[in-house]
Amino acid sequence: MDSRSRAVSSTKRWLTAIAPVAASATLAGPVIIELLPNELRSRVSSGIDRLFFSPIFAADHTIVIRQTDSLNSNLLYDASITYLSVSISPSMNRLRASKHADDNAIVLLLDENEEHVDIFAGAGFRWKLFRDQNNQSQRHSGELRWLELTFHRKHMGIALESYFSHILERSKEIKSADRRLKIHLNEYDDWIASDLQHPATFATVAMEPELKRTIMKDLERFVKRKEYYSRIGKAWKRGYLIYGPPGTGKSSLIAAMANYLKFDIYDMELKEVWYNSRLKALMKSMKSKSILVIEDIDGAIRIQNRGEKAAENRASDDYDEITLSALLNAIDGLCSVKGEERIIVFTTNYKEKLDPALLRPGRMDVHIYMGYCTPSSFRVLASNYLAIDEHPLLEEIEELLTEVGATPAEVAEELMRSEDVDIALMGLIQLLNRKKKESPEAEGCVGDARIDDELVVEDERQKGSEIRLAAGEERQ
Ligand SMILES: Nc1ncnc2c1ncn2[C@@H]1O[C@H](COP(=O)(O)OP(=O)(O)OP(=O)(O)O)[C@@H](O)[C@H]1O
């Protein structure tokens, strides 16, 4: 195959990979262009541009779509970026391309200062992406990128009445067809997203089956209750405190929750956030259907020498150091966004160190203790790591686990040491016997996982009131 044919065929592969959407969204333009040799494409492309824009510059309208508006993330901007990712034509002179490890398709993206013309309902719409790299003063207001959409003024009706809704609709379809969960980590004033690769599910987390069911039901009930929260005038949010010794599966449980609900995780490192204004901006830029996670909350607040930094900027509250009340206010602000469900998870190894203000229901509604491995949680690990349900050594291990405390992480590590089941189980028996010798008085099984009784009662009380308030609603 000569180089021209290879170029055309690789363009076609991309078009196939980036979906049938391209055809529906951009109609005639790119479809014709796709069939033309490379050097002709840019001429045709600029011809389309002239057809729709050149004679009528004076009559053009431009709509600016910012990434954030008043610190809130702009859904229209996000939708437009998603829409453009499948509607831009590979014939453009300059494109951004990216590919995810677990994805076959190469995704083409509009690059900064590049233009793309989209044809919709016979009207031409010209898109251009901008980024302000110099304006540092706006860094934490997040207004760094924006799109400009230009079209003839006679098409204003089409733009407002049907083009925008078409974009919103298409972006929803594209996202649900290509839903990869993300984990967002805060870096400076922004969230940096990458794919959530954590494989934990409720099936693989070692904890009491009854507790798993309770948590899953609680999550399901929460996400279905938009109407309910709005009727009782409460923010649609649920707070979970997950606590227990290191290596007992707190992070694994969070990943299982995200994978179960298909929610993104926003893992906030409070040490990286210096001022309230930035904390608020970060929280406001979180998308719905997400879980905000703050790990090791006991150490996360006032852990650093923030006082000095903050003192330099005492001019306004926004520059105050981040205290517990500032964090709670920011969370309340986050949750005041109407109609968006919010799940907040704090983890700690030391629940007793936490301020009671954080623990009360309404803040942290459900408290989950993750503890040492018990016989039943060990069965889950044995099944996950060794694919066994029965084995002559299991009984001895279960007996030992009632006498010594071993975290699921310790047990998992032993089980991974060998693919030979006998060797792996013998290794675990040796570990447990060593632990028994080292601290003969240690109590085993002080824990496994549980939801605090107090909170279950609180939750039951809430259920009672729900039934009274929501007549006819089925109790789960
Ligand atoms: N309950 C559990 N179920 C399944 N695997 C577990 C569990 N607890 C720990 N593990 C295993 O041990 C590793 C560490 O667990 P994880 O990070 O979830 O613990 P953690 O309680 O969040 O620890 P830390 O407090 O140190 O952050 C995980 O990768 C997982 O393989």
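The figures that follow rest on heavy atoms only: side chains count, while hydrogens, waters and symmetry mates do not. In this chain, residues are counted from 1 in sequence order. Counting starts at 1 for both ligands and their atoms, in listed order. Nothing here was measured: the structure is a model prediction, and the numbers come from that model.
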Requested in this report: List the closest protein heavy-atom neighbour of atom 13 (C) of ligand 1: residue, atom name, distance to the nearest 0.1 Å.
Outcome: Ala409 CB, 4.1 Å
Query raised in the report: Is it true that Asp111 and Arg94 make a salt bridge, defined as a side-chain N closer than 4.0 Å to a carboxylate O?
Result: yes
Requested in this report: Can you measure from CG (Leu84) to CG (Leu109) and round to the nearest 0.5 angstrom?
Outcome: 9.5 Å
Query raised in the report: Any non-hydrogen atom of Tyr385 lying under 4.0 Å from ligand 1?
Result: yes
Query raised in the report: Would you say the side-chain atoms of Thr82 and Ser85 include a donor-acceptor pair closer than 3.5 Å?
Result: no
**Report entry** Spatial distance of atom CH2 (Trp127) from atom NE2 (His116) [nearest 0.5 Å]
**Finding:** 9.0 Å
Query raised in the report: If you measure from the Lys or Arg side-chain nitrogens to the Asp or Glu carboxylate oxygens, is any gap between Glu413 and Arg417 under 4.0 Å?
Result: yes
Report summary line: of all protein heavy atoms, closest to atom 21 (O) of ligand 1 is Lys250 NZ, 2.8 Å
Query raised in the report: So which protein heavy atom does atom 5 (N) of ligand 1 come closest to, and at what separation?
Result: Leu381 CD2, 3.9 Å
Report task. If the plane angle is over 60° it's perpendicular, under 30° parallel, otherwise tilted; pick one for Phe222 and Trp236. Result -> tilted
Requested in this report: Pick, from Asn384, Thr204, Asn349, the option with the minimum heavy-atom distance to atom 4 (C) of ligand 1.
Outcome: Thr204
**Report entry** Heavy-atom proximity to atom 17 (O) of ligand 1, best of Ser251, Pro245, Gly249, Ala255
**Finding:** Ser251
Report summary line: Closest to atom 2 (C) of ligand 1 by heavy-atom distance, out of Ala206, Pro246, Ser252, is Ala206
Query raised in the report: Considering only protein heavy atoms, which is closest to atom 9 (C) of ligand 1, and at what distance to one decimal place?
Result: Gly247 O, 3.4 Å
Query - Residue, atom name and distance, where the atom is the protein heavy atom closest to atom 6 (C) of ligand 1 - result: Pro408 CB, 4.0 Å
Requested in this report: Mind telling me whether Tyr369 and Tyr243 have parallel, tilted or perpendicular rings, with 30° and 60° as the class edges?
Outcome: tilted
Query raised in the report: Heavy-atom distance from atom 29 (O) of ligand 1 to the protein below 4.0 Å?
Result: no
